[in-house]
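Here's the structure, in structure tokens; my notes come after.
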Amino acid sequence: MKNRIKEFRAKYDLTQEDLAKKVGVRRETIVYLEQNKYNPSLNLAHEVAKALKTTIDELFDFRD
Amino acid sequence: MKKNKIRLILITTGTILLLVASALYGYLALIKKEATPGGLIPILIPLIVIIFMMFFISKRYKDVKEGMPMEDERSKKVIMQASAASFQFSLYWLLAISWFEPFFARTLFGVEKLDASQTVGGAISGMAIFFFIFWFYYDKKGKLI
């Protein structure tokens with residue numbers, strides 16, 4: 001599953017650490033999310049989308 | 001935040017106590033040459049735990065200082081997968097210990113048979129090593145179920 005977290009993060013000038021603090025996860029989780037190496041739970045996906053002022057559909061690409 | 005700090009303090013205290021106990025045991029076994037059950041194998045388990053805990057505590061200390069959580073959904077998944085994998089490997093390790101017990105007894109201790117504490121110590125050491133190896137593997141690899 002691909003995502004646009006890095007793109008949205010850059011749009012709001014947030015570091016990975018800033019985003020991690022906003023969402024309430026560790027920085028490594030954001031790193032692995034951006035590298036498409038970790039699939040978040042629905043709750044986490046929702047929190048990340050909320051922190052980046054977008055929707056889950058906009059942020060994540062569910063196509064294989 | 002406060003909960004994380006308390007957890008970190010408790011973990012650090014436990015690790016220091018383990019270090020002190022290991023140092024005392026090592027002193028008795030090596031310096032005073034007192035007969036200690038299981039020879040030096042019982043030091044191996046705490047040493048593995050202490051080395052792992054030093055990495056863990058230093059990493060978590062930085063996080064707690066910066067206001068980051070000590071664990072999240074991904075870190076919990078890493079521990080769960082590492083535990084499952086190490087459990088499976090430990091079954092084979094225990095079988096190997098029972099099958100090759102005379103070999104381990106002769107090469108590691110110079111005796112014909114292992115006593116109960118040596119066997120249990122070896123089994124737990126292996127399980128601890130497997131867990132830490134898998135913890136590092138799943139943490140670095142990234143792809144989790």
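Throughout, protein chains are lettered first and strands after them, A, B, ... in sequence-line order, and every chain is numbered starting at 1. Being a predicted model, the structure only gives us computed values, none of them experimental.
Within a 6.0 Å sphere centred on CZ of B/F136, other residues, nucleotides and ligands contribute more than 12 heavy atoms. With a 6.0 Å radius and a threshold of 12 heavy atoms from other residues, nucleotides or ligands, B/M127 has its CE atom at or below the threshold. A 6.0 Å sphere centred on CZ of B/F89 holds no more than 12 heavy atoms belonging to other residues, nucleotides or ligands. Counted within 6.0 Å of CZ on B/F52, heavy atoms from surrounding residues, nucleotides or ligands total more than 12; the atom is thus considered enclosed.
B/I79 and B/F87 end up in different hydrophobic clusters when Ile, Leu, Val, Met, Phe, Trp and Tyr side chains are linked at under 4.5 Å. Cluster membership for B/L95 and B/F131, using ILVMFWY side-chain heavy atoms within less than 4.5 angstrom, is shared. Hydrophobic cluster membership differs between A/V31 and B/Y138, with clusters built from Ile, Leu, Val, Met, Phe, Trp and Tyr side chains linked at under 4.5 angstrom. B/M54 and B/I57 fall within the same hydrophobic cluster, defined by Ile, Leu, Val, Met, Phe, Trp and Tyr side-chain heavy atoms under 4.5 Å apart, directly or through other members. Both A/Y12 and A/L59 belong to a single network of hydrophobic side chains, linked directly or stepwise wherever heavy atoms of I, L, V, M, F, W or Y lie under 4.5 Å apart.
The contact list for residues 43-58 of chain A toward chain B, using heavy atoms and a distance under 4.5 Å, reads A/L44 by residue number.
Within the 3.5 Å criterion, the main-chain N or O of B/M68 finds no donor-acceptor partner in the side chain of A/R26. Under a 3.5 Å cut-off, the side chain of B/E73 and the backbone N or O of A/P40 do not form any donor-acceptor pair.
Here the straight-line distance linking atom CG of B/D72 with atom CD of A/E28 works out to 8.0 Å at 0.5 Å rounding. B/K140 NZ to A/Y32 OH: the interatomic distance, rounded to the nearest 0.5 Å, is 5.5 Å. The distance from the NZ atom of B/K77 to the OG1 atom of A/T29 is 10.0 Å, given to the nearest 0.5 Å.
Contact between A/G24 and B/P69 at its shortest, heavy atoms only, is O-CG, 3.6 Å.
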